[in-house]
Amino acid sequence: MLTPFGPGLRTADGPEVEVFGFRYPTRMALIRLSDGTLMAWSPVRLTPALRDAVEAFGPLARIVAPNALHHLSLGDWQAAFPAARLLAPPGLAAKRGDLRIDAQLGEAPDPAWAGEVDQVMIRTRITDEVVFFHRESATAIVTDLIQRVPAETLSGWRAVVARLDRMSGPEPQVPRKFRMAMTDRRAARAAVGRILDWPTQRLLIAHGAPVPVGGGAALRSAFGWLTG
């Protein structure tokens, strides 16, 4: 159930999620911090097998929703791991009043992972997203801002829309809708600049195949439209 993606980092694929007929692959990450506890990024649907795999990897202490769009499985994870703290982005509390949100994500790393996991918030009209960087594995972790939806899962007009939106294709890209949603280009450029300063070797994205080698180059290519 868990796939190694570098030192202290594991991934797990979830079921496809359908939105307006578009089928998105899903993926989560588990980061083991230096104290042995786990941080779960963008949890996918929880199954008994996945729960067993998580418990075998380490005690889960943090559940992270990186943006307000990735929330469908949070309730199940919170019920299964009641001692874990849920950290959410701006806007999720109003959307999911049923969840116990323990802290809001911001520009500064949570004290639990400061020094091990860096983060940058990129604000858009669609959702504010926190992009993470796991230092030990040199992995940048992006949710919706960069996508690579497999073209073979799309057909008809949806395939055309996905191609025009840049959400599908051979390389990870920033979808056109998110480009247009970055209305404060100066702030977005500064935030992306901080991301590109990370010594990234691997790139992990929620919707599409990860990039195990050359992650820094993939980030620079994906954000080239913004940075020039």
Side-chain angles (χ1 to χ4, degrees), residues 5-6 9 11 17 19 22 24-29 31 39 41-42 64-70 89-91 105-109 113 116-151 153-154 160-228:
F5 194 68
L9 180 62
T11 67
V17 173
V19 181
F22 294 93
Y24 292 83
T26 61
R27 179 173 294 106
M28 67 169 291
I31 296 173
M39 164 187 171
W41 168 86
S42 189
V64 176
N67 68 36
L69 301 178
H70 281 232
L105 293 169
E107 297 289 350
W113 59 70
E116 298 181 64
V117 180
D118 297 328
Q119 66 191 64
V120 170
M121 181 176 289
I122 297 184
R123 300 186 182 276
T124 80
R125 288 185 300 174
I126 298 174
T127 183
D128 296 333
E129 178 170 321
V130 179
V131 180
F132 294 93
F133 178 71
H134 180 227
R135 293 187 181 184
E136 184 181 8
S137 65
T139 301
I141 307 175
V142 187
T143 314
D144 288 325
L145 290 175
I146 295 177
Q147 299 179 18
R148 182 163 57 172
V149 176
T153 67
L154 303 162
V160 175
V161 170
R163 185 175 68 253
L164 293 176
D165 190 49
R166 298 180 182 271
M167 60 184 272
S168 64
E171 302 296 332
Q173 302 180 82
V174 178
R176 193 180 300 275
K177 56 181 171 288
F178 279 98
R179 300 183 189 200
M180 297 175 64
M182 294 181 193
T183 52
D184 189 341
R185 290 298 178 88
R186 182 176 181 180
R189 193 173 293 113
V192 168
R194 291 169 56 198
I195 291 171
L196 297 183
D197 284 341
W198 291 334
T200 301
Q201 297 177 19
R202 302 174 176 88
L203 173 61
L204 184 64
I205 58 179
H207 305 306
V211 181
V213 178
L219 280 176
R220 288 189 294 272
S221 176
F223 286 114
W225 62 276
L226 179 65
T227 61

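Residue Ile31 holds its CD1 atom at 9.0 Å from CG of Leu204, rounded to the nearest 0.5 Å. The CD atom of Gln119 lies 11.0 Å from the CD1 atom of Ile195; values are rounded to the nearest 0.5 Å. To the nearest 0.5 Å, the span separating CZ on Arg179 from CG on Leu226 amounts to 9.0 Å. To the nearest 0.5 Å, atoms OG (Ser221) and CD (Glu171) are separated by 6.5 Å. Rounded to the nearest 0.5 Å, atoms CE (Met121) and CG (Leu105) are 6.0 Å apart. Residue Ile122 holds its CD1 atom at 12.0 Å from CZ of Arg189, rounded to the nearest 0.5 Å.
Between Thr227 and Val192 there is a side-chain heavy-atom pair separated by less than 4.5 Å. Residues Met167 and Lys177 have side chains in contact (heavy-atom distance under 4.5 Å, counting atoms from C-beta outward). Looking at Val117 and Trp41, their side chains never come closer than 4.5 Å, going by heavy atoms from C-beta outward. Using a 4.5 Å heavy-atom cutoff, the side chains of Arg125 and Thr183 are in contact. Side-chain contact check for Pro25 versus Pro150: some heavy-atom pair is nearer than 4.5 Å. Proximity of Thr139 to Thr200: side-chain heavy atoms (C-beta onward) are nowhere separated by under 4.5 Å. In this structure, the side chains of Glu129 and Val142 come closer than 4.5 Å at one or more pairs of heavy atoms. At a threshold of 4.5 Å between non-hydrogen side-chain atoms, the residues Phe132 and Val64 count as touching.
Note on ring orientation: taking the six-membered ring where Trp is involved, the planes of Trp198 and Phe133 are parallel (angle under 30°, cut-offs 30° and 60°).
Using a 4.0 Å cut-off between charged side-chain N and carboxylate O, Arg176 and Asp165 make no salt bridge. Comment: Arg194 engages Glu107 in a salt bridge, judged by a side-chain N to carboxylate O separation of less than 4.0 angstrom.
Taking a 6.0 Å sphere around CZ of Arg185, one finds it holds more than 12 heavy atoms contributed by other residues, nucleotides or ligands.
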Derivation of the side-chain contact (heavy atoms from CB on, under 4.5 Å) call for Phe22 and Val149: CA-CA 9 Å; Phe22 294 93; Val149 176; over 6 Å; no
Side chain to side chain donor-acceptor pair (under 3.5 Å) evaluation trace for His134 with Asp118: CA-CA 7 Å; His134 180 227; Asp118 297 328; over 6 Å; no
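Closest heavy-atom contact between Ala222 and Gln173: CB-CA, 4.4 Å. Residues Arg202 and Pro212 share a closest heavy-atom pair of CG-O, 3.2 Å. Contact detail for Leu203 and Phe5: the closest heavy-atom pair is O-CZ, 3.9 Å. Pro89 approaches Asp128 most closely through the heavy-atom pair CB-O, 4.0 Å. Closest of all the heavy-atom pairs between Ala138 and Pro199 is CB-O, 3.7 Å. Smallest separation of non-hydrogen atoms from Pro90 and Arg123: CG-NH1, 4.4 Å.
Looking at His70 and Ser42, their side chains do bring a donor and an acceptor atom within 3.5 Å of each other. Side-chain polar atoms of Asp144 and Asn67 form a donor-acceptor pair below 3.5 angstrom.
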